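As structure tokens, the structure follows; a few thoughts come after it.
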Amino acid sequence: MTAAPPVTGPVPLSRNRDYRLLWGGQALSEFGFHAAVIGFPLLVLALTGSGAASGLVMGTVAAAQMVVGLPAGVLVDRLDRKAVMLGCEAAQAVSAISLVAAVWSGAATVWHMVVVAAVFGASAALFAPAENASLPALVADGQLPTAVAMNTARASMGQLAGTATGGFLFAAGRFVPFLVDAVTHTLSFVALLFVRLPRRERAPGGPGPLRREALAGLRWVWREPRIRVTVVCAVVLNLFFSAYYLVVIVLAESRGVPSGEVGVMAAMLGVGGVLGALVAPVLHRRLGPYGAIVAVFWALAGLAPVTVLLDSGYLIGVLFALIALFPPAANTAIMTDQLLRTPDELRGRLTSTLVLACGTAGAAGPALGGSLAQALPGGRAILLCSAGMAAAAVLATLSPALRALSRRAEDGRPVPAG
């Protein structure tokens, strides 16, 4: 009698060659990206002394991400996703090299930097949905929460390390941050070449008009109750948290907090984000998707008002770290559920819709915060922002669609929440 072959589970992420190549390449790429982004205003100021020109270049990165955001999802669903990611890395490497050459030869201009910034923003807008949509093809369903959390940790570490290092690189030479960016994107391109991404089945009939496919993605997001309510909650939370962050900075300066302490406050937000991403898989397993989302929303709504009582930039920094510790767990729960729920041919549009919605809220938040800081005393403005975050927490808590979220076992099969 022949013995049955042993049942083997999925390859652990630590031994998943393709995921490691993608993750490692992007860790380098994101470090270089943020080092270059912090180098942009420094280079503009060094060449022109104009704050307005510096703002133009920096704003171009965000503007390009917003403009390309929605059609990016359609293109990612329509084209080969690995080819899209390779094209993004190549475009950023080539544009960064062109700027290095211009700075080295003394021919750099603001408009050249605007073009490079636009390439950076558009590439980032295309790469994110392509990578997120590819994750379910690279890892097992049960490993998806950990993979999402590890990607969040990677992004936080890249932003923190790149932003902190960019100034020192610029001090070593005006072209150095952009040279580092070109090298890191080139290395990421090479790593991506060796990622084995399974071939996708093409939908019959061929692609339709870009506008119609984009609207189809938006309709899908809106018609799915669970996805719709998480998008609404995330938009409200992002709007009021972005406003709160600016109000806290204004309040700290009005209370005489030294600029060095204000810098520590911002850095602690990044530190908390990294730590939060590392513990997100544990929170996701112990609390379940619904518990993780609701706990995060209430933690932010409860911690934010404490700022009114603090005068020390260092204590506010500790509070910022605590606040940033929780969102990655909610992001892991939301993104995992949505990727598994969404058909593969719509996953790119799902991610681009989420990025666009939350990005718009994040961009509008500082404008709201500035208006509140000007119209109200700092303490009242903080309490108003906290009330907005509490409203999002109430919406998430009472939502039947979110309460229906079930825990997922390690093998990816749903089990009842408890």
Side-chain angles (χ1 to χ4, degrees), residues 25-69 87-128 154-189 245-246 249 259-260 262-267 269-270 359 362-363 366:
Q26 280 308 289
L28 290 172
S29 180
E30 287 171 355
F31 169 80
F33 175 84
H34 289 290
V37 166
I38 200 65
F40 273 130
L42 298 175
L43 180 59
V44 175
L45 290 172
L47 295 177
T48 69
S50 170
S54 179
L56 172 65
V57 175
M58 289 297 291
T60 299
V61 178
Q65 286 180 292
M66 297 289 286
V67 171
V68 178
C88 290
E89 293 301 294
Q92 290 180 91
V94 170
S95 61
I97 290 172
S98 75
L99 189 55
V100 169
V103 175
W104 181 271
S105 63
T109 65
V110 170
W111 292 112
H112 187 174
M113 284 182 268
V114 166
V115 172
V116 173
V119 172
F120 278 23
S123 298
L126 277 164
F127 195 99
R154 181 196 71 201
S156 297
M157 289 187 290
Q159 181 175 11
L160 190 62
T163 302
T165 309
F168 294 104
L169 294 175
F170 186 83
R174 292 179 177 179
F175 65 91
V176 175
F178 309 102
L179 178 61
V180 169
D181 183 63
V183 171
T184 56
H185 283 298
T186 300
L187 292 174
S188 180
F189 179 90
Y245 179 73
L246 183 63
I249 299 298
S259 58
V262 173
V264 170
M265 288 161 47
L269 203 60

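None of these values were measured; they are calculated from a predicted model. Any value given below was found using the heavy atoms of this structure, including those in side chains, with hydrogens, waters and symmetry copies removed.
One N or O on the side chain of T186 and one on the backbone of A182 form a donor-acceptor pair closer than 3.5 Å. In this structure, the side chain of S105 engages the main chain of A102 through a donor-acceptor pair within 3.5 Å.
Counting heavy atoms from C-beta outward, V114 and W111 have side chains that approach closer than 4.5 Å. V116 places a side-chain heavy atom less than 4.5 Å from the side chain of S98. At least one side-chain heavy atom of V119 sits under 4.5 Å from a side-chain heavy atom of S123. Counting only heavy atoms from C-beta outward, the side chains of Q92 and F127 never approach each other to under 4.5 Å.
Taking every heavy atom of both residues into account, G121 and Q65 meet most closely at O-CG, 3.1 Å. The two atoms that bring L47 and A108 nearest to each other are CD1-CB, 4.0 Å, heavy atoms only. Between A35 and P177, the closest heavy-atom pair is O-CB, 3.7 Å. Counting all heavy atoms, side chain and backbone alike, C88 lies closest to L126 at SG-CB, 3.5 Å. Of all non-hydrogen atoms in A122 and V68, the two that sit nearest each other are CB-CG2, 3.8 Å. The heavy-atom pair separating G32 from T184 by the smallest distance is CA-OG1, 3.4 Å.
Summarising the geometry, atom CG belonging to L169 is positioned 9.5 Å from atom CG belonging to L179; distances are rounded to the nearest 0.5 Å. Here E30 contributes atom CD and D181 contributes atom CG; the two are 11.5 Å apart, rounded to the nearest 0.5 Å. Between the CE atom in M157 and the NE2 atom in H34 there is a gap of 12.0 Å [rounded to 0.5 Å]. To the nearest 0.5 angstrom, H112 atom NE2 is 8.0 Å from S95 atom OG.
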Subject >> side chain to side chain contact (heavy atoms under 4.5 Å, CB included) between F40 and L99, worked out >> reply: CA-CA 11 Å; F40 273 130; L99 189 55; 3.8 Å; yes

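Between F170 and the choices T165, L43, V176, the side-chain contact (heavy atoms from CB on, under 4.5 Å) rule is met once, by L43.
Note: F33 and F120 have tilted aromatic rings, judged against thresholds of 30 and 60 degrees for the angle between ring planes.
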